[in-house]
Amino acid sequence: MKYDVIVIGCGMSGILAGIHLKNAGKKFIILEKAETLGGTWRDNTYPGLTCDVPSHAYTYSFEPNPEWSRVLPPGAEIQQYFEAVFEKYGLAESVRFNSEISSAQWLGDAWQLTDQQGKCYEGVSVVAATGVLHHPNYPQIKGLEQFEGQTIHSARFDHSVPLDGKRVAVVGNGSTGVQIVSALAARSKVRHFQRTPQWIFPVENPLFSEEQRAEFRSNRDLLVYLQREPTYLANVERFTEGVLDPDSEQIQEIQTLCQANLDNTVTDPALRQKLQPYYRAGCKRLIYSPDYYRAIQHPDAQLISEGIAQVEKNGIRTSDGVLHEMDVIVLATGFRTDRYVRPMQVTGLHGKTLEQAWSDVPTAYKSISVPDFPNFYFMNGPTSPVGNFSLIDTSEMQWGYIWQLIERVQQQGIAGLSAKAQALARYDAERLSAAKTSVFGSGCNSWYLDKNGVPNTWPWSQSRFRQEMQTPQWQDYTVHALENVAA
């Protein structure tokens with residue numbers, strides 16, 4: 001069978017694509033490497049896991065959810081939401097789980113995908129909804145393998161490991177590390193190993209009352225309003241405009257609020273100094289936490305800012321020579337963010353591979369298309385917007401753009417479309433120029449940066465992204481005719 005569209009990945013973006021394809025009556029299949037759906041929210045189950053986007057904004061536009069328990073939703077509830085949507089739209093019949101793709105080959109009028117069991121799938125278009133944060137980053141720490149206690153990566157959390165009353169090291173202090181420390185400070189003897197202090201934005205995370213949820217259930221108009229609540233949208237736009245200039249009023253306002261949060265919450269001057277960032281707020285992804293500063297001041301918690309020299313069988317030795325004896329080491333060390341569809345071998349026109357196209361850094365025209373790879377489209381791919389806002393919104397904008405490409409191929413009876421090399425070069429030149437002078441490039445080390453130290457992100461406002469996703473600039477695409485395309 002030749003499918004109209006093959007979707008790779010059954011996380012948030014893959015489910016979104018599947019729903020739209022089913023509603024449009026397309027022949028499609030979703031191929032998922034794991035045994036169940038969910039992507040990020042399936043893989044991450046660590047203690048304290050919470051989304052930093054308001055719950056009602058973190059839903060598909062067409063599927064509001066009245067059942068959120070609180071303003072910032074716990075990870076398990078988000079996974080339940082996606083499972084419920086998946087079931088409601090009847091996607092099970094269109095998904096093959098345990099089907100990790102090893103290769104994708106352009107045949108001239110379609111793609112042939114082969115999974116690790118050798119099963120082949122053929123489709124005119126491919127939508128890579130593989131996400132960014134799915135290859136755990138295991139740090140290269142001397143002696144880590146010698147540790148005789150339990151070592152857990154936050155994205156592969158082992159809940160069978162006892163933590164109550166145990167000596168637990170948390171390595172890494174991005175959002176994940178901060179949330180884990182907040183969750184464990186009153187349960188365990190936590191040592192938080194910090195490499196770089198973080199700006200932490202003060203938030204509250206109250207529960208929704210049963211009366212509120214009853215109102216959500218009975219008043220869909222209210223739910224729809226909350227999905228695009230004006231103050232939230234204005235803050236997103238204000239932030240995404242502010243990142244263009246590290247000295248912008250918006251960034252300064254954020255930094256002032258974060259500084260006040262630190263100054264007013266942490267009483268010990270020595271600890272406060274350890275927690276004091278030295279770079280612009282927003283350079284790294286902002287951390288939203290209602291309780292980290294209180295948690296790290298718990299009697300059983302300790303912040304360790306000395307560098308890790310090595311891991312030994314009994315614990316972690318820091319650069320000052322101190323051995324911190326531990327029972328458990330939790331690696332909150334993030335992901336390899338340059339992987340995308342890798343390690344899949346993707347071969348496009350004239351035998352060109354995606355590895356060759358990305359020999360420097362991963363990139364795609366407007367985050368969607370790579371020259372010489374017809375009908376191969378990314379959702380949340382290279383150079384997509386990142387930040388403290390809903391990636392569901394980003395995916396919906398990208399899907400609207402991709403759908404127009406898919407439809408044009410079918411309507412015009414052509415083999416495919418791919419971005420022109422000169423269009424990508426122009427886009428990248430403009431993007432890199434803006435990224436270097438944005439707050440993301442203002443002097444910190446973050447997962448936004450590519451191997452050249454340049455932010456691999458969308459460096460403009462969200463409204464500009466929304467505008468550019470409305471209609472493709474067809475002159476920037478190569479039309480691949482059926483008779484002129486060779487494998």
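- Every pair tested for side-chain hydrogen bond (donor to acceptor under 3.5 Å, both in side chains) that includes a residue from residues 112-132 fails, sequence neighbours excluded, so the list is empty.
- In this structure, K284 has no side chain to side chain donor-acceptor pair (under 3.5 Å) partners at least two apart in sequence or on a different chain.
- With sequence neighbours left out, N23 forms a side chain to side chain donor-acceptor pair (under 3.5 Å) with no residue at all.
- Under the side chain to side chain donor-acceptor pair (under 3.5 Å) criterion, H192 pairs with Y292, sequence neighbours left out.
- With hydrogens and angles disregarded, no donor-acceptor distance shorter than 3.5 Å links the side chain of Q198 to the backbone of I287.
- Remark: side-chain polar atoms of S367 are not paired, donor with acceptor, to backbone N or O of A364 under 3.5 angstrom.
- Contact detail for Q462 and T240: the closest heavy-atom pair is N-OG1, 3.0 Å.
- The salt bridge (charged side-chain N to carboxylate O under 4.0 Å, His left out) pairs that include a residue from residues 368-379 are K352-D372, where partners are two or more places apart or lie in different chains.
- Closest non-hydrogen pair, S55 versus W68, comes out as O-NE1, 3.1 Å.
- Every residue was checked against the ring pair (Phe, Tyr, Trp, His ring centres under 6.0 Å) condition with Y377, not counting sequence neighbours, and none meets it.
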Full working for ring pair (Phe, Tyr, Trp, His ring centres under 6.0 Å) between Y3 and F28: CA-CA 5 Å; Y3 295 97; F28 75 99; 8.2 Å; no
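- With hydrogens and angles left out, the side-chain atoms of N44 and S154 include no donor and acceptor closer than 3.5 Å.
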